[in-house]
Structure formats: C-alpha cells, structure tokens
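Structure, as structure tokens:
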Amino acid sequence: MATSASQTLRTPSLKNPSLSLSSKPFLSSAFSVSIRSRQNRGSRPLLVVVSAGLDAKPTILVAEKLGDAGIELLKDFANVDCSYNLSPEELCTKISLCDALIVRSGTKVSREVFESSSGRLKVVGRAGVGIDNVDLAAATEHGCLVVNAPTANTVAAAEHGIALLAAMARNVAQADASVKSGKWQRNKYVGVSLVGKTLAVMGFGKVGTEVARRAKGLGMHVIAHDPYAPADRARAIGVELVSFDEAISTADFISLHMPLTPSTTKILNDENFAKMKKGVRIVNVARGGVIDEEALVKALDAGIVAQAALDVFTVEPPPKDSKLVQHERVTVTPHLGASTVEAQEGVAIEIAEAVVGALKGELAATAVNAPMVPAEVLTELKPYVVLAEKLGRLAVQLVAGGSGVKSIKVTYASARAPDDLDTRLLRAMITKGLIEPISSVFVNLVNADFTAKQRGIRITEERITLDGSPESPLDFIQVQIANVESRFASAISESGEITVEGRVKDGVPHLTKVALSFAGRSISQV
Ligand SMILES: NC(=O)C1=CN([C@@H]2O[C@H](COP(=O)(O)OP(=O)(O)OC[C@H]3O[C@@H](n4cnc5c(N)ncnc54)[C@H](O)[C@@H]3O)[C@@H](O)[C@H]2O)C=CC1
Ligand SMILES: O=C(O)C(=O)COP(=O)(O)O
C-alpha cells in the first residue's frame, strides 16, 4: 500500500530514526533533516582520534628516541609517554592507553599491537621512511592511520650511501682498525677509484635520486633501475633508466634504494649474483631484507662480489657471529642512514606535525594507508564530504534493517573531467554514513573500503558528465540502495530501491531528493 511520502516519512512509532523533511537546507549547522537515533553517534571527523573523552588530552606513546623539537610539539597537544626499549609484551600492554604511537625502524608494530589497543589507537607515526616494520593490513583493518616522515631524512640517507661507497672503495674502516691495532699496511689497503665507474642505483626514488646526483659529481657513470620512476626525471640529471638485468650485469657498483616489499625481498639472491660482473661492489642503505644475506656471503667468498658496505640487516641488530658482518671485505654501520642531527630534528618535527594533525581529524599529507588529499582539494570538497556522509546516513536509515544493504550505487554528476575529481574521500564518507548507524564499527578514510567489503556491501560508482562550468566540483551526489526493504514503503515488506540525492548551494549541502521505488510504485519528495 503506497502512501504519500510526507505521511510515511513522519513515522514516530519507528524505533529508529525519527526523521522529517523540509525545504530548508539539508545540512547546515541547524539541519532541516534531523536524524535522531540511539545508534546515531553524531558526525565524527573522518580521521578523528581523540577518543579518550571530549575534554581529555590524547596520549601519545613515543617508543623510540625522537628529536626534542618533535617532543615539544607533541607536548603542546597531548600527554606524551616516552618509553623506549619496550618488549613486544610491554608495548601491547601500554598501547591500550594510547591514541597514537610513534616509532622508528626498531619497533615492530604487529597485528597484536593493533588488537591489544582495543580500537583506541588511531594513528601510528613512523618517524622515517620505511614502513616495513608496521603491519599495514592490520592497521587498515583496525581503522588506524599510518603516517610517515618521508622527506626529512632523504639527504642524510643519500649522504650515508655515498660515505659507504667511498669508504668501501678505499678500505677506510679496515685501514682504520689496522692502524689502531698498531699496524701500518699501505699495500694491503690499496683501493679502487670511483671516477669513470658505472654505478647502478636500484630504486630511483628520493634517496636514489640524491645518491645518483652526488655520484655524478664524483665522475661516475650512473644508471638506474626503477619500474615506476619517470624516465624524464632520470634524464634530467643525466641518468639512464635500464632493466633490472642490465643494471646488475653492467655495474661496477650497485647501490640499493628500493623499499622492502614482498617483491623486493631477497631480490639480490644466488641467481642474480651470478649475473653480476666479477668484482662488483654493493652498497645497501635500504633494508637488509632486499639481499639474501647467505647468498651475499657466498658471492663474496666466490669473488663475484669484491666488497659490500651495509647499513641495514635482515635482523637488527645482526647476530654477533654473523658471517656477513664479520667478513673482512664487508663494511658495516648500525642503521645510521637517517642518523644526522639535522635529519633527526627534521624527522621529529615532520612526524609530530603529521600525528597531531591526524589526532585533530585532519587528513594527513603523508598518510601511508589512506588516500592523500591535497589541502586545496580538501577545502573545495569540504561541503560535499559532509553531504556524502549525511546521504549515506539518511539512505541507510530509510532501510528496514541495515543487514539487507548489499548493493549501493553512487552517482556523481559533474561538469569536470573524471580525472579532475577524486571521489575516494566522498566514497569513504558515504560508506561511513551507511555503516556507522547500523554497527559498532568506527569507519574512517582508512578502513572504509575494507569495512564495506567485510560486510559484503558492494559500492559501485558512476559518473555523469554534465555540460556547463566545471567551477564547482559536483552538481549532485546520488546514493541508491538496491534490493532492500524500506521501513516507509508499506506495511507489507517489499523489496525495492531507495534513492537519496543532494547538492551544495552557496557552500551549504542540501537534500534535494528522496525516492522510494517499490514493486513498480514510487514515492518521492524533492
Ligand atoms: N638506512 C636508513 O637509515 C634509511 C633507509 N631508507 C630506506 O630507503 C628506502 C627508499 O627511501 P626513499 O628513496 O625515501 O623512498 P621512495 O619511495 O622515494 O623511493 C623508493 C623507490 O623504489 C622504487 N621501487 C619500488 N619497487 C622497486 C623495485 N622492485 N625495483 C626498483 N625500484 C623499486 C619506487 O618506485 C621508488 O621510486 C626506504 O624504503 C627505506 O627502506 C630510507 C631512509 C633512511
Ligand atoms: O627512514 C627510514 O626508512 C630508516 O631506515 C631510518 O630508520 P631510523 O628511523 O633511523 O630507525
């Protein structure tokens, strides 16, 4: 039995929600559509972390040494607990009292850490670049944002790579130890020159590029391998991008600068050492795990690799009796790439700002497991972000029983070219609006897609490209839930489609359409 929308939509007997429509703006500080419900926990910022109570300061656990400037920044905003050298068990115990955690490369942020936090931990700050010590999948599943400090230690790492390159070529460390032990062995420590030699930079990102630049200054011929690096960036500094095999087989020196990922793990192995020039020299300031360390020892003993200089190891610290560390032709440092006064100050500030920003609910520019949204895009999308969440929230509350929600279609109508509109943020907000009222899950930009998938909700997105001025990013957003029963459709439950649509006018989001279509009949209010 179809009734008029205005009658059905005002249904006070419903447990949840009570809802009314008017022609006033949909979403302003005083909403003309008010959704009141016991389950409606109000609108929370997309990445808000402050969960210790409205007035309480958040607590940040700093688990490894961080520069003073960063600590001061953190203290201005939060309670800061600097506890270094925690065992994994101690970390798991402490974490349930913390909103954010800051680590360097020495702390494993495992799945157990996220599980032990019982949902309170909302940001992990990695004070450095490599995030291989953080279980990103677990972080995402728990809606925990991971941010890093990707730029402040680039030069330090590159300088350390060059320091190791030169020290290795001239036997600086071995000769130093020899002189200190009372010897004077000038013939034993004859080195090799760098000028004119070919250096293969493996991983032409921030550090690799800086190493390449410096090596060119030393008169080396520099080639690079990086499947994702743009050739014009390499060309601009006179570096040729080549295939992996060409790089390792033509180089006199190989310097590693790729991240540790499943595809780079043990990338230098028996098979690849066999392809190298006899007498090649290897520098590693990336991650120990990119080299099969046993294979490297074999290659050193076989004379394929003449020397290696290593800052990083598969296990840190490496075992005292490690054949690799003890090898006469291997120079080692204890993961010092980022350890300059300047870099540590910079990293501390960079990570403190990122963590505090995330705790305030701002979107982080250095997010590792969430889309990075440039500030200008965010400013422009702000009212649409609010609209998106409210549309999701309204749509799901028109459904009789949220568990029936399986298929959502979102339509974005815009005069902009598809490439000019990043909808990830809007999709996350719609998902948040859809899921939060019907579950106890806290949905944010980090875990939105994961949470939807886990609940079997399929969200498809469609773009309608309109004629007209692309000045405003969107004309309207429409959210449709298919194959659901509506609490407003009729007394007898029937399956059908719920559509809600909204626009932004003068910066204020408005609800422009609610349509319920059931068994060929439709009711709608515009
Ligand atoms: N020893 C130390 O103290 C430090 C170590 N690092 C390590 O250096 C790594 C690189 O740092 P950034 O240059 O800042 O990162 P980045 O992200 O700017 O550069 C990494 C580059 O590696 C490339 N890459 C990915 N997979 C590859 C593959 N299979 N083969 C070749 N290239 C590949 C990427 O396309 C990217 O261009 C970090 O992941 C970190 O592990 C960074 C700073 C300090
Ligand atoms: O930034 C990186 O990836 C590093 O490896 C630096 O590590 P650290 O922060 O010095 O423990």
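Numbering of ligands and ligand atoms starts at 1, following listing order. Predicted, not measured: the structure shown is a model, and the values here were computed from it.
Ion pairing between a basic and an acidic side chain is recognised when a charged N comes within 4.0 Å of a carboxylate O; Glu210 and Arg214 show such pairing. A salt bridge does not link Lys108 with Asp135: every distance from a Lys NZ or Arg NE/NH1/NH2 to an Asp or Glu carboxylate oxygen is 4.0 Å or more.
Ligand 1 has Asn153 within reach: a non-hydrogen atom of the residue lies less than 4.0 Å from it. For the ligand labelled ligand 1, residue Gly128 lies outside the 4.0 Å heavy-atom shell. Heavy atoms of Ala286 come nearer than 4.0 angstrom to ligand 1 in at least one pair.
Every atom of ligand 1 with a heavy atom of Gly205 under 4.0 Å away is listed here by number and element: 13 (O), 18 (O), 19 (O), 21 (C), 37 (O).
A cation-pi arrangement is absent between Lys57 and Phe77 under the rule of less than 6.0 angstrom and at most 45 degrees off the ring axis.
Judged purely by distance below 3.5 Å, without hydrogens or angles, the side chains of Asp226 and His257 never pair a donor atom with an acceptor atom. For the residue pair Thr331 / Gln307, no side-chain donor-acceptor distance below 3.5 Å is found, with atom types taken as modelled. Using a 3.5 Å distance cut-off with no hydrogens or angles, the side chains of Asp245 and Ser243 do not pair a donor with an acceptor.
Each of Arg104, Ser105, Arg126, Ala127, Gly128, Val129, Gly130, Asn153, Arg287, His335, Ala338 has a non-hydrogen atom positioned under 4.0 Å from some atom of ligand 2.
Relative to atom 29 (N) of ligand 1, the option among Thr264, Leu336, Asp311 with the closest non-hydrogen atom is Thr264.
When heavy-atom distances to ligand 1 are checked against a 4.0 Å cut-off, Pro259 comes that close through both its backbone and its side chain. Residue-level proximity to ligand 1 for His225 is carried by backbone and side chain together, each with a heavy atom below 4.0 angstrom. Here Val207 has heavy atoms under 4.0 Å from ligand 1 in both its backbone and its side chain. Counting heavy atoms closer than 4.0 Å to ligand 1, residue Phe244 contributes nothing at all.
Closest protein heavy atom to atom 4 (C) of ligand 1: Val285 O, 3.6 Å.
Here's the thing with Lys206: one of its N/O atoms is less than 3.5 angstrom from an N/O atom of ligand 1. Considering backbone and side-chain atoms alike, Pro150 places every N or O at 3.5 Å or more from each N or O of ligand 1. Checked against a 3.5 angstrom limit, the closest N/O atoms of Asp226 and ligand 1 fall inside it. Distances between N or O atoms of Pro227 and those of ligand 1 include no value under 3.5 Å. By the 3.5 Å distance cut-off applied to N or O atoms, Arg233 is not counted among the residues near ligand 1.
Using modelled atom types, one side-chain atom of Ser116 and one backbone atom of Glu112 make a donor-acceptor pair closer than 3.5 Å.
When each of Arg281, Lys197, Lys277, Lys278 is paired with Asp252, the salt bridge (charged side-chain N to carboxylate O under 4.0 Å, His left out) condition holds for Lys277 and for no other.
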